[in-house]
Amino acid sequence: MTNLELAWALAEMGDLLELKGEEPFKVRAYHRAARSLENLEEEAADLYARGALEEIPGVGKNLAKKLAELLTTGRSTFLDNLRREVPPGLREMLAIPGLGSRTVRQIHQGLGITTLAELEQAARERRIRTLPGLGSKTELAILRGLEMLREVQDRVPLGVARPLALLLRAQLLALPGVVRAEIAGSVRRGKEMVGDIDLVAAVEPDNQVAAVLVRHPQVKEVLAREPDRLALQTNLGLKIEVIMVPPEDFPATLFYATGSKAHRRALLRLAAERGLGAADLGLVTPRWLAEEEDVLAGGTTEAPGKGGGSHGEAAAAFATSGATAKEDTPGVAGGAPGTGVPPAHAGAPLTHAGTGTNAREEHAGVREPVEAAFYQRLGLPYIVPELREDRGELAAARRGELPHLVTLADIRGDLHMHSRYSDGVETIAAMAAAARARGYQYMAITDHSRSLTVARGLSLEQLKAQREEIARLNEELEGITILAGIEVDILADGRLDYEDEVLKEFDLVIASIHSGFRQEREQIMARLEAALRNPYVDILGHPTGRMLGRRQPYAVDVKRVIELAAETGTILEINASPERLDLNDTSARLAKEYGVPIAIDTDAHDPHRLADMEYGVLTARRGWLEPWDVVNTWELERLLAGLKRNRRGA
DNA sequence: GCCGTTTTCGGCCCGACTGTTTTCAGTCG
């Protein structure tokens with residue numbers, strides 16, 4: 001079992017124990033251990049092999065035993081028993097904001113409800129409010145929560161799907177008869193949430209793909225097994241589709257499977273306007289021809305062979321650190337993160353600034369954009385997957401105005417990270433070492449401010465101590481500059497958590513909302529406006545507060561925030577954590593149109609999470625951002641000179 | 001259930017907000 005699968009099993013145990021009414025500290029122990037496993041560098045299976053499971057933080061005798069059972073048998077009698085005791089629907093209810101274990105238990109016991117469907121019906125029939133302590137607001141929260149769950153149904157964050165996609169691609173390439181394999185679909189396009197992992201493999205007739213993959217340890221169920229197509233369901237509930245084609249069909253199939261569907265169809269319409277057909281472009285596979293037929297018929301039905309929407313896709317180049325829209329530069333040969341699987345192509349060197357030793361930082365990618373020829377036959381430059389959403393990319397290509405997209409290699413620093421001073425897990429020195437190992441020239445330590453007590457926000461005394469430590473480290477360390485920053489809370493009443501006299505002492509200030517999420521729009525906007533107008537607030541952190549699949553944004557008017565940022569000279573953040581990606585791609589693009597500079601920050605609480613930068617860069621690319629739009633691609637001097645605090649009176 | 005150069009037992013992040021209430025329990029970050 002993989003670390004992620006083990007982590008999910010522990011988290012499920014924790015949830016089920018909580019629903020049973022176990023004491024909170026025991027429940028928390030399961031969740032803490034789950035988190036440890038998610039962030040573990042080494043495979044738990046290896047730790048088990050040398051009897052070292054208890055070295056995992058938060059794992060003692062008891063949990064080590066449960067992990068050992070999972071690792072050796074793939075099952076857990078403890079978890080199986082829990083699942084028998086607690087209806088699975090109750091666990092799903094925990095995902096509804098506002099519902100905790102006590103309320104779920106009360107609803108279960110009071111109304112006999114065990115599924116989300118029953119819960120919805122009860123809320124609509126106003127039966128929830130018949131329970132003591134619950135009222136109409138809870139019913140509303142339930143209905144809203146269910147709506148949010150429906151939106152993300154069967155989809156997972158890119159941060160979960162992409163690592164598995166990279167692993168699968170590497171494993172495919174190791175199989176006999178596989179000439180080439182690439183990630184396609186929404187994973188390749190870098191969408192924030194994905195429904196399935198699409199892979200395209202160029203294979204010889206005697207390949208072993210199906211035979212091996214149906215027995216893959218992470219595969220729970222085979223959904224379809226056809227000569228040229230395999231559909232699988234993983235243990236974690238993700239769907240995987242592998243399309244197998246002869247090598248000569250690989251480019252067109254990859255192109256098709258990457259989507260988006262809207263982009264494909266717009267491309268075919270453009271070709272038709274010019275009197276060209278799919279065949280003229282070299283797109284002669286059955287999928288393309290069927291789609292062309294449908295487009296020409298003016299139809300909106302699905303092309304055969306695939307399911308609906310933009311997820312009928314498959315395959316390849318992930319070009320974050322390589323190819324851009326204007327230059328067909330090579331991408332990077334990709335290894336699978338954290339798996340020790342070697343890169344598939346030995347050729348292209350890592351282009352990431354300086355380093356590349358960490359497998360987590362490597363990127364899958366094709367060495368040349370295999371689809372370039374198709375665009376070329378239409379007289380167009382190559383369009384990277386991140387732009388293929390039918391959001392004006394074809395028109396821009398025709399005008400020769402495709403953006404020169406920012407790449408991971410352009411990033412010179414990370415301006416949002418936490419240390420042990422607040423809720424981070426590492427020292428400033430360790431975070432600095434990790435940032436330097438990534439080739440960064442600068443970084444900012446931005447711990448939480450004093451009101452965020454859960455995150456051990458810093459008192460004025462601690463701020464002083466921290467600043468002294470940073471000054472000392474800057475003396476000692478070569479090759480990286482640490483900025484003394486803060487992530488200051490925008491308090492519920494609109495004040496900032498420190499006075500201006502304190503804020504002006506920092507090198508850089510991020511202001512963020514961590515409380516009062518349910519306030520009315522007017523109040524939220526008043527708080528944001530006050531923060532944006534503060535002369536010492538340089539960056540607005542995670543501007544909408546959303547957590548993908550978990551929490552809706554607070555009542556924010558994003559366009560107004562962008563206008564205010566433009567007016568006040570405040571930088572807006574793309575928080576690169578795959579749980580957030582906030583701003584999202586379309587908002588980032590709007591910010592660019594307003595001339596608002598963007599900082600792509602990881603908000604890392606742990607050195608490993610500095611690698612989340614790639615997700616932020618992907619989101620920025622989907623937002624058409626170019627290096628000059630992103631302040632942490634700038635040289636440090638220029639960055640500092642550009643901060644609002646330093647421009648005042650200048 | 002985990003953890004310990006103070007502890008092998010008794011702590012474990014804790015204060016604010018929300019919804020439901022007339023004094024507070026539950027949820028959240």
Side-chain angles (χ1 to χ4, degrees), chain A residues 9-11 13-37 53-67 76 78-79 82 93-107 110 123 128-142 144-145 418 420-425 447-459 462 487 489-493 495 497 512-520 523-524 527 541-542 545-547 550-555 575 577 579-580 582 603 605:
Chain A
L10 289 181
M13 290 178 199
D15 282 347
L16 296 177
L17 287 169
E18 187 179 0
L19 286 163
K20 278 184 66 181
E22 263 294 356
E23 60 164 314
F25 289 115
K26 187 195 275 197
V27 171
R28 190 184 299 167
Y30 280 84
H31 286 293
R32 204 174 46 220
R35 205 169 180 104
S36 272
L37 273 155
L53 281 177
E54 289 184 49
E55 285 176 15
I56 301 169
V59 173
K61 258 196 165 51
N62 206 308
L63 289 183
K65 228 158 85 185
K66 293 187 168 77
L67 289 174
S76 161
F78 181 69
L79 181 55
L82 280 174
M93 292 178 204
L94 284 182
I96 297 170
L99 288 199
S101 59
R102 290 196 110 93
T103 309
V104 169
R105 212 160 51 240
Q106 193 192 3
I107 290 172
I128 303 294
R129 65 183 71 181
T130 62
L131 297 169
L134 301 183
S136 60
K137 292 266 181 107
T138 306
E139 282 176 350
L140 201 64
I142 287 171
R144 266 210 287 259
H418 297 269
R420 260 185 218 170
Y421 274 85
S422 66
D423 59 347
V425 302
D447 275 312
H448 289 290
S449 60
R450 59 189 169 190
S451 286
L452 206 63
T453 49
V454 278
R456 299 193 301 278
L458 271 63
S459 67
Q462 289 171 307
E487 182 178 15
D489 254 65
I490 302 170
L491 301 175
D493 62 8
R495 288 179 303 124
D497 203 8
S512 306
I513 283 184
H514 294 111
S515 61
F517 288 84
R518 287 186 243 184
Q519 290 176 350
E520 297 294 327
Q523 208 172 349
I524 291 279
R527 291 164 73 190
H542 42 74
R546 73 166 181 174
M547 301 285 271
R550 292 223 309 271
R551 191 172 74 204
Q552 303 277 36
Y554 34 69
N575 191 295
S577 164
E579 296 171 340
R580 292 187 182 271
D582 179 13
D603 199 357
H605 287 66

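What's counted below: heavy atoms across the whole structure, side chains too, no hydrogens, waters or symmetry copies. The sequence lines fix the lettering, A, B, ..., with proteins before strands; numbering per chain opens at 1.
- Classification of the A/His418-A/His448 ring pair by plane angle, with boundaries at 30° and 60°, yields parallel.
- Across all strands shown, A/Thr103 has heavy atoms under 4.0 Å from sugar-phosphate atoms exclusively, and none from any base.
- Taking only side-chain atoms of A/Arg551, from C-beta outward, the nucleotide of B/dC12, B/dG29, B/dT20 with the closest atom is B/dG29.
- Checking B/dT8 for Watson-Crick or G-U wobble geometry (two distances, each under 3.5 Å) identifies no partner in any strand.
- Across the C1' atoms, B/dT7 and B/dC3 are found 10 Å apart, a figure rounded to whole Å.
- Looking at heavy atoms from C-beta onward, A/Ser451 lies out of side-chain contact with A/His514 at the 4.5 angstrom threshold.
- Look at the C1' atom in both B/dC17 and B/dC12: the space between them is 23 Å, to the nearest Å.
- Using a 4.5 Å heavy-atom threshold, the side chains of A/His31 and A/Asp15 count as touching.
- Within 4.0 Å of A/Val59, counting heavy atoms only, lie sugar-phosphate atoms of the nucleic acid but no base atom.
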Inset, instruction - Apply side-chain contact (heavy atoms from CB on, under 4.5 Å) to A/Leu99 and A/Thr138, showing your working. - result: CA-CA 8 Å; A/Leu99 288 199; A/Thr138 306; 4.2 Å; yes

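- B/dC2 and B/dC13 have their C1' atoms separated by 16 Å, given to the nearest Å.
- Contacts of A/Glu22 with the nucleic acid, taken as non-hydrogen atoms under 4.0 Å apart, are absent.
- DNA chain B is contacted by both A/Lys26 and A/Gly133; A/Lys26 maps to the nucleotide lying nearer its 5′ end (nearest heavy atom per residue).
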Legend entry - Evaluation steps, side chain to side chain donor-acceptor pair (under 3.5 Å), between A/Arg527 and A/Gln519: CA-CA 10 Å; A/Arg527 291 164 73 190; A/Gln519 290 176 350; 2.8 Å; yes

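- To the nearest whole angstrom, the two P atoms, one in B/dT22 and one in B/dC28, are 22 Å apart.
- Checking B/dG19, B/dC17, B/dC2 against every side-chain atom of A/Asn62, the shortest atom distance belongs to B/dC2.
- Spacing of P atoms, B/dT18 relative to B/dG11, comes out at 32 Å, to the nearest Å.
- Across all strands shown, A/Leu452 has no heavy atoms under 4.0 Å from either base or sugar-phosphate atoms.
- Taking side-chain N and O atoms only, A/Arg129 has no distance below 4.0 Å to OP1 or OP2 of B/dG19.
- Among the protein residues, A/Arg102 comes within range of the sugar-phosphate backbone only, with heavy atoms under 4.0 Å from sugar or phosphate atoms but none that close to a base.
- Residue contacts shown for A/Arg450 are absent, as no nucleic acid heavy atom lies under 4.0 Å away.
- Comparing A/Ser101 and A/Leu134 by the nucleotide of DNA chain B whose heavy atom lies nearest to each, the residue mapping closer to the 5' end is A/Leu134.
- At the heavy-atom level, A/Ala33 lies nowhere under 4.0 Å from the strands shown.
- Distance A/Leu458 CG to B/dC13 P: 17 Å, rounded to the nearest Å.
- Residue A/Lys65 is classed as having no contact, given no heavy-atom separation below 4.0 Å to the nucleic acid.
- Between A/Phe78 and A/Tyr30, the two ring planes are parallel [angle under 30°; tilted spans 30° to 60°].
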Inset, instruction - Check step by step if side-chain contact (heavy atoms from CB on, under 4.5 Å) holds for A/Ile107 and A/Leu134. - result: CA-CA 9 Å; A/Ile107 290 172; A/Leu134 301 183; 4.1 Å; yes

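- If you check B/dG1, B/dG29, B/dG19 against the side chain of A/Phe517, the one that comes closest is B/dG29.
- Between the P atoms of B/dG10 and B/dG15, the separation comes to 23 Å (whole Å).
- Per the geometry, CD belonging to A/Glu520 stands 14 Å off C1' belonging to B/dC17, to the nearest Å.
- When heavy atoms are screened at a 4.0 angstrom cut-off, A/Pro24 is found touching no nucleic acid atom at all.
- Put simply, A/Ser136 has no side-chain N or O that comes within less than 4.0 Å of OP1 or OP2 on B/dG19.
- A/Lys66 has a side-chain polar atom (N or O) that falls below the 4.0 Å cut-off from OP1 or OP2 of B/dG1.
- If you take atom P in B/dT20 and the same atom in B/dA16, they sit 22 Å apart, rounded to whole Å.
- If you take atom C1' in B/dG29 and the same atom in B/dT23, they sit 25 Å apart, rounded to whole Å.
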